[in-house]
Structure formats: structure tokens, C-alpha cells
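In this text, all values refer to a predicted model and were calculated from it rather than measured experimentally. Side-chain atoms are counted along with the backbone in the values below, which use heavy atoms only and exclude waters and symmetry mates.
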Amino acid sequence: MKKESFNNKIFIIAVVLIISTVLWSPVSVIDTNTTKIGLPLRFIWYHDYSGLPMNRLRIFEINNLLKIDFRVINFLVDIIIVYFLILMVRKYFAIIKKMFHNN
């Protein structure tokens, strides 16, 4: 049986997917000044009484950077979750493909 090693391409895809969730994921509003962003775990907490900007890229502007609480552990766990999900889906499709080619 072949031992599977770390796949850099899948890791990069997982990182890009997690970073892109800042743009499209639903947000969780905790109270009047805190909003959580990211999927599956919320890894960016934005603190501002005026709420989240309409364009989410604006939270990375210089004047908004002090309002961000970046949860590194949540970010790393998100990457690990997505990485293994992609590996599982890839392995599943390989099994399905093998089944159809054997018939």
C-alpha cells in the first residue's frame, strides 16, 4: 500500500479557500460591536460600533487593522479541516473511478 505524503497543492488550495471565506461567508454578530468572520471556525473577530464595512476587504485597511482580532489557532484548524476534506473527496472519487473502470 502506498503511503501518501503531504500534498503542497492541496494545502495551498485549502489556505486559499479559508482566506476567501472572509469575502463570502456569513457573519456572526456577537453584540453591538463584535462580528465574527470565517468558516468553518470564525478566525477573524472585527470590533467596531459602526458594524462591518459593506466591502469586507476594507477591514484590512490601515485604519481598521487595530479593530481585528485574528485567531491563529482557529485559522490553522480551519486549514487542517479543509485539507483533510479535500483529501477525502479526492480519495472517494479515485475509488469511484476505479469501480467504473473495472466494469
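- Judged as a side chain to side chain contact (heavy atoms under 4.5 Å, CB included), and not counting sequence neighbours, the contacts of Val16 are Ile12.
- Not a single donor-acceptor pair under 3.5 Å links the side chain of Ser25 to the backbone N or O of Val22.
- Inter-residue side-chain proximity for Tyr92 and Ile95 is flagged as unmet; no heavy-atom pair is nearer than 4.5 Å.
- Closest heavy-atom contact between Ile10 and Tyr83: CG2-CD1, 3.5 Å.
- Other residues sharing the hydrophobic cluster of Tyr49, ordered by chain and number and joined by side-chain separations under 4.5 Å: none, the residue standing alone.
- In terms of heavy-atom proximity, Phe60 sits nearest to Ile44 at CZ-CD1, 3.9 Å.
- Under the 4.5 Å side-chain criterion, counting only non-hydrogen atoms from C-beta, Ile86 is in contact with Ile13.
- At a threshold of 4.5 Å between non-hydrogen side-chain atoms, the residues Ile30 and Lys36 count as touching.
- At a threshold of 4.5 Å between non-hydrogen side-chain atoms, the residues Arg90 and Asn7 count as touching.
- Using a 4.5 Å heavy-atom threshold, the side chains of Leu52 and Ile37 count as touching.
- Between Ile81 and Ile18 there is no side-chain heavy-atom pair separated by less than 4.5 Å.
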Distance-only check: which donor-acceptor pairs under 3.5 Å involve side-chain atoms of residues 65-78, not counting sequence neighbours?
from	atom 1	to	atom 2	distance (Å)
Lys67	NZ	Asp48	OD2	3.3
Lys67	NZ	Asn64	OD1	3.3
Asp69	OD2	Arg71	NE	3.1
Asp69	OD2	Arg71	NH2	3.0
Asn74	ND2	Arg42	O	2.8
Asp78	OD1	Leu41	N	2.9

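- With a 4.5 Å cut-off on side-chain heavy atoms, Thr21 and Pro40 do not count as touching.
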